[in-house]
Amino acid sequence: MDNKLIADIFNDIAAMLSVDETPSSRFEVRAYQKAALTIATLQEDIGDIYRKEGKEGLMKLPGIGKGLAERIEEYIKTGKIRRYEELRKRYPIDMKALTSIEGIGAKKAIALYKKLGIKDVASLKKAAESHKIGALSGFGGKSEGLILRGIQRLETNKGRLLLGDALPVAESMVGKLIGSGLVVKVVIAGSMRRMRETVGDIDILALSDKGNEVMDFFTKLPDVSGIVVKGPTKTTVSLKIGLNCDLRVIAPESFGAALQYFTGSKDHNVQVRTIAVRMGYKLNEYGLFGRKGQLMPTKEEKDIYGRLGMQYMPPEMREARGEVKLAQEHKIPRLVELGDIRGDMHTHTLESDGADSIEEMADAAMKADLDYFATTNHTKSLGIANGMDERGFAKFFKRVDKLNDSLDGKIRVLKGAEVDILKDGSLDLDRECLKSMDCVVAAVHSYFRMEESEMTKRVCKALESGLVHIFAHPTGREINVREQYPIDLEKLFVAAERNKVALEINSFPIRLDLSDTNIMRASKYKVKFAIDTDAHRTSHFGFLRYGVGTARRGWLEKGRVMNTLPLSGIMKELEK
DNA sequence: GCCGTTTTCGGCCCGACTGTTTTCAGTCG
């Protein structure tokens with residue numbers, strides 16, 4: 001899977017080109033960015049597309065024409081792109097890392113390189129700390145402070161990737177290991193199995209009696225960039241995506257114990273081991289051992305929990321947040337599952353900032369086994385996302401009506417909007433227009449830097465309008481990018497409960513908003529939740545599993561999630 | 001550099017905010 005790497009290179013090229021902007025290069029920059037987005041969100045391996053269909057196959061992808069298809073071909077064949085190498089000679093800087101700091105874009109990054117020779121985050125930090133940046137023209141004390149805060153945030157998240165970026169790579173490696181015929185069983189463990197929103201490394205367990213051969217195969221996988229340690233039972237490699245990956249080959253009698261041990265979390269395991277010790281057992285990654293050191297048969301994880309008098313619990317719960325006690329009382333809830341989700345309440349189309357038509361989205365939703373989904377484009381104040389006005393929605397909904405007729409009940413498209421909550425808490429479409437919709441999703445997309453009390457008032461006013469069904473990405477955070485905006489969550493939850501507004505669990509890997517812990521806080525109130533994809537293209541329906549994973553980490557049961565209802569049920573729910 | 005019911009040239013989402021300036025460049029969405 002070189003998709004991410006190629007997308008990164010294209011984004012870097014765009015950034016470097018944008019510095020010496022001429023009227024025509026502006027659009028070249030856009031072209032690279034657009035192509036990068038296409039490649040980054042591609043479900044298929046771009047190398048596979050090229051091998052199957054050649055350059056023609058690449059050119060079928062949106063935003064990729066002859067020129068960029070050739071660049072991709074060049075990368076697949078040689079591992080390099082000349083254009084990129086030339087730009088890197090001129091600007092030998094870590095553009096991706098520098099521009100990931102809030103307030104630094106391509107131009108500032110290159111200005112800092114030209115003036116202070118700053119190439120990476122480390123030299124940037126040094127310069128900021130010795131107040132060299134504030135003294136530069138075009139920069140000032142506030143910029144310097146912003147940069148330092150940005151670096152701090154980057155450092156606390158160091159080395160962790162989004163689950164949505166890392167999981168597909170891990171699954172692709174697991175698939176290849178299974179395909180090798182050398183293993184009986186392969187599973188992902190660690191924080192990835194627990195569906196944490198970011199992962200610091202990947203843990204894979206394999207059941208096999210051919211340790212050496214498995215490791216040879218593993219270290220030669222295309223995602224691997226280097227070998228850290230290699231042995232017959234444990235091998236660590238570094239991956240091209242920037243994470244390490246451990247593969248452990250496990251004996252059959254230890255598999256359950258190993259899976260339990262390597263799934264963690266560490267704190268959870270400490271609690272479980274303590275229980276084992278109290279019962280006279282010893283528990284480690286090789287098994288559960290009795291008083292005389294004899295191995296207790298525990299082929300499966302649930303055998304271990306069972307022998308310790310505990311109910312089995314899903315990996316997503318194992319964070320030492322009270323699940324151990326619950327398991328001892330046999331009160332583990334039945335968490336919502338991916339298969340419970342019947343619809344999606346938040347999606348976009350070409351008409352605003354989506355990449356696919358409503359017809360294509362309907363087709364993809366059907367393939368994702370949904371019974372319904374709401375199309376909820378942005379509203380007029382969000383100019384950048386091509387927000388629509390009342391007339392635009394009216395016209396668009398006629399097309400939706402027609403589509404629904406032609407779909408003949410196979411799937412139902414609900415008419416809606418992701419309406420902007422304006423600075424003063426009013427909604428960005430008139431009352432009549434909103435009332436005509438099946439599903440109104442409201443969200444904050446501007447003025448993030450308000451005082452907490454102002455922001456809370458603003459959002460609560462919107463929820464009290466009586467027009468809103470769902471409050472989307474309630475905190476506005478973007479993982480590793482942007483803190484949540486200041487808002488009093490308890491007051492928000494009270495307002496949501498009182499006005500029967502559902503809280504969204506946005507499945508976009510960078511959002512996952514509400515987060516697991518905020519879901520736990522919110523579920524103390526009588527609020528409903530909606531697990532939505534916020535899909536901007538057909539492939540994004542696949543993000544649903546990240547939202548469901550997050551909901552499960554927040555211990556959410558099916559009954560709390562509105563879009564587990566069948567079509568008739570959701571229509572009734574929305575009418576309320 | 002892409003794309004096409006404006007179709008092989010010429011258009012391509014651009015407005016608001018911030019911090020820096022003293023009229024604007026850079027960033028963000």
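So that the names make sense, note that chain A is the first sequence line, chain B the second, and so on, each numbered from 1.
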[X] [atom1] - [N] [atom2] separation (whole Å):
X	N	atom1	atom2	answer
A/Asp389	B/dC13	CG	P	18 Å
A/Lys60	B/dC2	NZ	C1'	18 Å
A/Lys55	B/dC2	NZ	P	11 Å
A/Leu37	B/dC12	CG	P	20 Å
A/Leu422	B/dC17	CG	P	12 Å
A/Tyr447	B/dT18	OH	C1'	13 Å
A/Glu74	B/dG1	CD	P	12 Å
A/Leu350	B/dC13	CG	P	12 Å

Would you measure the distance from the [atom1] atom in [N] across to the matching atom in [M] and give it in whole Å?
N	M	atom1	value
B/dT23	B/dT18	C1'	15 Å
B/dC24	B/dC13	C1'	22 Å
B/dT21	B/dG26	C1'	13 Å
B/dC12	B/dC17	P	25 Å
B/dT20	B/dA16	P	22 Å
B/dT22	B/dG29	C1'	28 Å
B/dT8	B/dC3	P	16 Å
B/dT6	B/dG11	P	14 Å

| task | Have a look at A/Lys66 and say if it touches a base, only the backbone sugar-phosphate, or nothing, with a 4.0 Å heavy-atom cut-off. | result |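 Answer is sugar-phosphate: A/Lys66 comes under 4.0 Å of backbone atoms only.
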| At under 4.0 Å between heavy atoms, what does A/Leu146 touch on the DNA or RNA strands: base, sugar-phosphate, or nothing? |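 It contacts nothing in the nucleic acid.
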| task | Look at the side chain of A/Thr456 and the backbone N and O of A/Glu452, then say whether any donor-acceptor pair between them is shorter than 3.5 Å. | result |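 Yes: the side chain of A/Thr456 pairs with the backbone of A/Glu452.
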| query | Of the candidate nucleotides B/dC13, B/dG19, B/dG1, which contains the atom at the shortest distance from the side chain of A/Asn386? | reply | B/dC13
| B/dC17 pairs with which nucleotide, Watson-Crick or G-U wobble, both distances below 3.5 Å? | B/dG26
| query | Less than 6.0 Å separating the ring centroids of A/His445 and A/His473? | reply |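 Aromatic pair counts; centres sit under 6.0 Å.
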| query | Can you find a pair of side-chain heavy atoms, one from A/Gln33 and one from A/Ser18, that are under 4.5 Å apart? | reply | no
| request: Let me know, please, whether A/Gly141 or A/Arg71 comes out on the 5' side of the other along DNA chain B by nearest nucleotide. | output: A/Arg71
| message | Judged by each residue's nearest nucleotide on DNA chain B, which is more toward the 5′ side, A/Leu136 or A/Ala385? | response |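 Between the two, 5'-proximity favours A/Ala385.
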| Excluding sequence neighbours, so at least two apart, what forms ring-ring contact (aromatic ring centres under 6.0 Å, His included) with A/Tyr75? |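 A/Tyr75 satisfies ring-ring contact (aromatic ring centres under 6.0 Å, His included) with no residue once adjacent residues are dropped.
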| Going through the distances and angles, do A/His536 and A/Asp353 end up as a side chain to side chain donor-acceptor pair (under 3.5 Å)? | CA-CA 7 Å; A/His536 282 64; A/Asp353 60 346; 3.2 Å; yes
| task | Only one of A/Arg553, A/Arg477, A/Arg511 passes salt bridge (charged side-chain N to carboxylate O under 4.0 Å, His left out) with A/Glu197; say which it is. | result |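 Of all the options given, the one that passes is A/Arg477.
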| remark: Its contact letters, B for base, S for sugar-phosphate only and - for none at protein heavy atoms under 4.0 Å, make nucleotides 24-29 of chain B read --SSSB
| said: Between A/Glu53 and A/Lys60, does any NZ, NE, NH1 or NH2 come within less than 4.0 Å of an OD or OE carboxylate oxygen? | reply: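 Yes.
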| task | Just jot down the side-chain hydrogen bond (donor to acceptor under 3.5 Å, both in side chains) partners of A/Asp428, sequence neighbours excluded, or say none. | result |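 A/Asp428: side-chain hydrogen bond (donor to acceptor under 3.5 Å, both in side chains) contacts with A/Thr379, A/Ser381.
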